Amino acid sequence: MRRLLAVLAGALLLSGCATGHSAVDVNNGGEFRFVAGTPAGSVIPVAKRASAPSFSGTLLDGSRFSSSSLHGEVAVINFWGSWCPPCRVETPEFQQVYSEQSGRGVAFLGINVKDDEQLAKAFLTSHDITYPSLFDPRGEVALAFRDYPANAIPSTIVLDREGRVAAVYTATVTQQDLRTVLDSVAKEG
């Protein structure tokens, strides 16, 4: 009976992962569970935005990073892992949007979580990802964003130029949805 329950639990877990409409929660004591995604394209009204938390760490290229370097720019912060199937689709698409937005006051930052450093670096190299990624194997930056649902992989948070959270997504974000949100937030002045 225990064996049957274990097989059924494994099948449910795998079927939840295969849908592409859920994400993996990493803030629950280090275990993974699936959560529903948020609707695409929704921007938080300016009057309801709160400041993003400050954070720092080491980028996968070995250099130091501080979130203060994002102030004054619209910023895309994407939580990802090389082990995450939706991230394998989303990250190269984010690279395309990053290339288009380069020089327009838009910054991109990947936050690599629950991963092996070598695997994360190999993923970035194999997909020609040129925007920086912070190596955060314990998910500490996601914990810093505890007031927002950044506890799922993939998750994306867009900050306005004032460093406030303008949009939050806990599922894969399409290029078009990302462009729409970036255009909207960039026009705010």
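A quick note: this is a predicted structure, and the numbers were derived from the prediction, not measured.
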When rounded to the nearest 0.5 angstrom, what distance separates [atom1] in [X] from [atom2] in [Y]?
X	Y	atom1	atom2	result
L59	D136	CG	CG	11.5 Å
S155	N78	OG	CG	8.0 Å
R179	Q101	CZ	CD	8.0 Å
T172	I153	OG1	CD1	11.0 Å
D128	T91	CG	OG1	13.0 Å
L124	Y131	CG	OH	7.5 Å

Is it true that a side-chain atom of [X] and a backbone atom of [Y] form a donor plus acceptor pair closer than 3.5 Å?
X	Y	answer
D115	S82	yes
S67	S54	no
Q175	V97	no
S102	Y98	no

What heavy-atom pair brings [X] and [Y] nearest, and what distance separates the two atoms?
X	Y	result
V185	R161	O-NH1, 4.1 Å
I44	R49	O-NE, 2.8 Å
C87	P92	O-CD, 4.0 Å

*Answer yes if the side chains of S99 and Q95 hold a donor-acceptor pair under 3.5 Å, and no otherwise.*
yes

*Is it the case that S133 and N112 place a side-chain donor and acceptor less than 3.5 Å from each other?*
no

[X] side chain near [Y] side chain, heavy-atom distance below 4.5 Å:
X	Y	value
Y169	V181	yes
L182	R104	no
F108	L178	yes
V43	T180	no
D116	W83	no

*side chain to side chain contact (heavy atoms under 4.5 Å, CB included) evaluation trace for L60 with F123*: CA-CA 11 Å; L60 282 164; F123 176 85; over 6 Å; no

_Lys/Arg-Asp/Glu bridge criterion (N-O < 4.0 Å) met for R164, E162_ = no

Kindly list each side-chain donor-acceptor pair under 3.5 angstrom involving residues 69-76, sequence neighbours excluded, with atom names and distances?
residue	atom	partner	partner atom	Å
S69	OG	S66	O	2.8

*Does the pair F145 and V168 meet the rule for a side chain to side chain contact (heavy atoms under 4.5 Å, CB included), with working shown?*
CA-CA 11 Å; F145 279 93; V168 180; over 6 Å; no

*Test ring-ring contact (aromatic ring centres under 6.0 Å, His included) on W80 and F94 and set out the steps.*
CA-CA 11 Å; W80 67 279; F94 275 29; over 10 Å; no

*Begin with the C-alpha distance, continue with both residues' side-chain angles, and end with the deciding distance and a verdict on side chain to side chain contact (heavy atoms under 4.5 Å, CB included) for R64 and T58.*
CA-CA 5 Å; R64 294 289 302 161; T58 303; 3.0 Å; yes

